Asks: 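My questions will all concern the structure given below.
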Number of protein chains: 2
Amino acid sequence: MTKIDDVARLARVSTATVSRALRGLPTVSESTRARVLAAAEQLGYTASPSASRLAGGRTGTIAVVVPQITRWFFGTVVDAAEETLREAGYDLLLYNLGDQESNRRQLLHASNLQKRADALMLVSTPLSEAELATIAQLRLPGVTVSSGAAVPGWPSVRIDDVGAARAATAHLLSLGHHRIAHLAGDASAELSFTTHIDRRLGYQQALLAAGQKPDPRLDVEAQFTVDGGSQATLDLLSRGEPPTAIFAACDEMAMGAMSTLRSAGLRVPQDVSVIGLDDHDLAAAVGLTTVAQPAATHGRLAAGLLLDPLAGRPRATSASIILPTRLVVRESTGPPRSG
Amino acid sequence: MTKIDDVARLARVSTATVSRALRGLPTVSESTRARVLAAAEQLGYTASPSASRLAGGRTGTIAVVVPQITRWFFGTVVDAAEETLREAGYDLLLYNLGDQESNRRQLLHASNLQKRADALMLVSTPLSEAELATIAQLRLPGVTVSSGAAVPGWPSVRIDDVGAARAATAHLLSLGHHRIAHLAGDASAELSFTTHIDRRLGYQQALLAAGQKPDPRLDVEAQFTVDGGSQATLDLLSRGEPPTAIFAACDEMAMGAMSTLRSAGLRVPQDVSVIGLDDHDLAAAVGLTTVAQPAATHGRLAAGLLLDPLAGRPRATSASIILPTRLVVRESTGPPRSG
DNA sequence: CTGAAAGCGCTTACAG
DNA sequence: CTGAAAGCGCTTACAG
């Protein structure tokens with residue numbers, strides 16, 4: 001591997017000058033810079049990241065933490081963030097929390113993060129008090145995407161979960177539904193996971209605004225996945241008279257619900273309407289009505305918010321971005337039979 | 001940040017001993033090791049990765065390259081690989097190639113990789129001759145997942161794409177279909193991308209074995225996505241008499257096809273049968289018949305193949321793993337109307 | 001605008 | 001089993 005000395009020798013300058021020229025620092029004459037670039041090019045030189053990091057104190061890396069990369073929203077956020085970060089020259093270190101709580105603790109341990117990344121992007125990742133305190137003390141720049149922890153001093157990119165859930169439920173109400181079920185995220189599993197709580201809140205608010213009292217028997221918790229949606233729907237059906245409509249807290253659950261309803265001999269939307277929240281890649285294909293949220297935009301904007309302070313620039317945008325959602329009506333919702 | 005000297009001072013040993021004790025090298029007495037561990041614990045010490053990498057020559061990082069993290073197969077492979085790698089103490093550096101060819105070239109440039117990662121996992125990533133040569137010359141350990149490049153000396157984990165496609169097509173043939181279309185990956189877009197070629201080959205082999213001549217008008221190319229499947233199906237329908245069955249090269253395309261067929265007023269499977277290849281998370285929910293491939297197993301095994309040589313162990317498994325596929329019959333396939 | 005020298009925080013022969 | 005010292009390949013004040 002060629003190193004900086006090789007380039008310096010060939011360009012007849014010091015290693016300090018090579019370092020400056022290659023990083024585009026302004027204190028290098030044009031002719032020198034040209035000579036250095038030519039030498040580096042000729043030798044196929046790239047600085048060793050380990051050495052740069054140690055000497056410079058910056059890692060050139062952003063750590064991105066997601067609950068599970070296979071879920072639509074998280075995959076899409078990471079996809080968009082990766083592109084933005086790479087264009088800016090940053091590497092993306094992926095932390096996929098998975099199910100294991102032990103995994104979580106270890107990953108979010110301070111010393112692990114601070115020495116590995118210049119900044120942190122937490123996607124839908126709740127934090128304990130202790131974790132929050134540690135991160136605050138590290139003074140690591142960061143951004144949160146979607147709900148989860150609110151880290152003091154960090155910007156956030158998210159939607160109005162309460163409002164989106166309200167809109168989804170209101171759509172069902174406007175069609176004349178009176179028995180509207182909710183498939184909620186499992187609030188107990190992930191500490192202070194506000195997404196689940198907020199969406200349930202929006203659901204309840206919409207019902208109350210329409211003069212309906214939320215019925216706990218129509219409100220079931222499950223995993224935020226296709227299987228979770230299926231299980232929750234089975235659960236719902238086993239409780240007796242089925243609802244006339246279901247608001248699932250995410251599209252994956254909604255698709256699981258649609259599938260289970262059909263297997264149970266119920267037609268969607270004639271017997272039961274289903275609405276989700278996301279606008280998953282496949283929502284259009286399965287005719288799912290949903291409240292769309294712009295996942296890629298989350299990732300792109302969050303990455304941008306991280307880059308500004310890292311480059312020493314003031315943040316271009318305000319600290320907290322609430323992205324718009326919109327109702328997309330497809331074939332999975334309609335008026336109730338008796339409506 | 002506490003550094004190794006702090007620990008050494010507290011434990012009353014040299015930094016060399018701290019380094020050895022913490023990494024579990026055998027040449028440290030038990031009592032010394034205990035003292036060092038206690039000191040490190042007390043100070044909350046973790047070694048600086050940059051310094052370790054520079055001094056030790058290892059990065060503790062695996063670079064994982066995927067075409068697009070949002071696609072089911074790739075997301076699932078990365079999810080499984082991440083878990084295995086993290087358990088072994090490795091970081092995962094994600095390279096999401098995306099659409100941009102320029103991106104590709106830069107990422108796969110030798111100097112970029114060798115200094116950033118100890119090993120490389122290429123998922124469905126074709127390489128040019130030049131890239132292959134560079135990688136071979138780097139002597140970087142690696143593994144390929146799914147088809148793409150065959151790097152000399154690297155193990156691979158994949159399915160038999162030709163056989164899987166043959167099985168999918170044979171299923172349609174066995175139901176009595178005579179006009180079987182194929183939605184293929186866009187072979188021209190990604191150099192030497194053998195997955196697309198192999199699946200088309202299997203399709204053609206099955207037809208020929210049944211005495212049917214492949215009809216180019218029933219063989220359309222598209223993106224490996226839901227939208228790609230929709231577009232290709234529209235294309236197919238615009239060519240005149242529709243096929244009685246469609247074999248889509250992946251489930252996402254198959255789901256796009258199902259959706260477009262229904263929008264066009266064609267029933268699945270009564271008017272047109274559809275079979276995919278993957279067993280996507282949502283395949284069961286939409287009743288898609290498919291040839292299942294174990295995506296998570298790909299990721300887990302590939303990560304394992306990488307870890308053995310990195311730990312200096314001989315590889316536990318043979319160099320080339322062909323994982324089994326299996327036909328999963330659901331509701332999207334049936335006999336042709338006139339059959 | 002450029003260079004000599006120190007230093008980033010570890011690991012690794014080399015000795016003992 | 002342990003330590004002193006060199007070295008990994010850069011970047012950064014400090015001088016000029």
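Being a predicted model, the structure only gives us computed values, none of them experimental. The chains referred to below are lettered A, B, ... by the order of the sequence lines, with proteins before strands, and numbering in each begins at 1.
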Asks: Looking for any heavy atom pair under 4.0 Å, which part of the strands does A:R58 touch: base, sugar-phosphate only, or nothing?
Replies: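 Contact class for A:R58: sugar-phosphate only.
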Asks: Side chain to side chain contact (heavy atoms under 4.5 Å, CB included), that's the test. Do B:L122 and B:L127 meet it? Break it down for me.
Replies: CA-CA 10 Å; B:L122 291 178; B:L127 297 177; 3.7 Å; yes
Asks: Which nucleotide of DNA chain C is the first, and which the last, in the 5' to 3' direction, to come under 4.0 Å of a heavy atom belonging to chain A?
Replies: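 Span of nucleotides near chain A: C:dC1 to C:dG9.
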Asks: If you find the nucleotide of DNA chain D closest to B:T15 and the one closest to B:A55, which residue's nucleotide is nearer the 5' end?
Replies: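 The residue mapped nearer the 5' terminus is B:T15.
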Asks: By nearest heavy atom, map A:S14 and B:D5 onto DNA chain C; which one lands nearer the 5' end?
Replies: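 The residue mapped nearer the 5' terminus is A:S14.
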Asks: State, with a plain yes or no, whether a side-chain heavy atom of A:L307 is found less than 4.5 Å away from one of A:Y90.
Replies: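 Yes; the side chains approach each other to less than 4.5 Å.
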Asks: Assign A:T27 to base, sugar-phosphate, or nothing according to its heavy-atom contacts below 4.0 angstrom with the strands shown.
Replies: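 Contact class for A:T27: base.
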Asks: Begin from the C-alpha positions of A:H298 and A:I321 and carry the test side chain to side chain contact (heavy atoms under 4.5 Å, CB included) through to its verdict.
Replies: CA-CA 9 Å; A:H298 279 79; A:I321 299 180; over 6 Å; no
Asks: Can you tell me the pairing partner of C:dA13 across any strand shown, Watson-Crick or G-U wobble, with both distances under 3.5 angstrom?
Replies: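 None - no nucleotide pairs with C:dA13, as no candidate has both distances under 3.5 Å.
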Asks: Using 4.0 Å as the upper bound for N to carboxylate O, is an ion pair formed by B:R9 and B:D6?
Replies: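 Salt bridge flag = yes for B:R9 with B:D6.
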Asks: Hey, does B:R20 reach any base, or is it just sugar-phosphate, or nothing, if we go heavy atoms under 4.0 Å?
Replies: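 The answer is base, as B:R20 lies within the cut-off (heavy atoms under 4.0 Å) of a base atom.
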Asks: Specify the closest pair of heavy atoms between B:A119 and B:L140, including all atoms of both residues, with the distance to one decimal.
Replies: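 Minimum heavy-atom contact is CA-CG, 4.4 Å.
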Asks: Could you tell me which nucleotide pairs with C:dA4 by Watson-Crick or G-U wobble geometry, both distances under 3.5 Å, or answer none if nothing does?
Replies: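 Paired with no nucleotide.
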Asks: Need one value for A:T32: base, sugar-phosphate or nothing, where a base atom within 4.0 Å counts as base even if backbone is also close, heavy atoms only.
Replies: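 Result for A:T32 = sugar-phosphate.
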Asks: Given side chains that start at C-beta, do those of B:V13 and B:T32 come closer than 4.5 Å, heavy atoms only?
Replies: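 Yes; the side chains approach each other to less than 4.5 Å.
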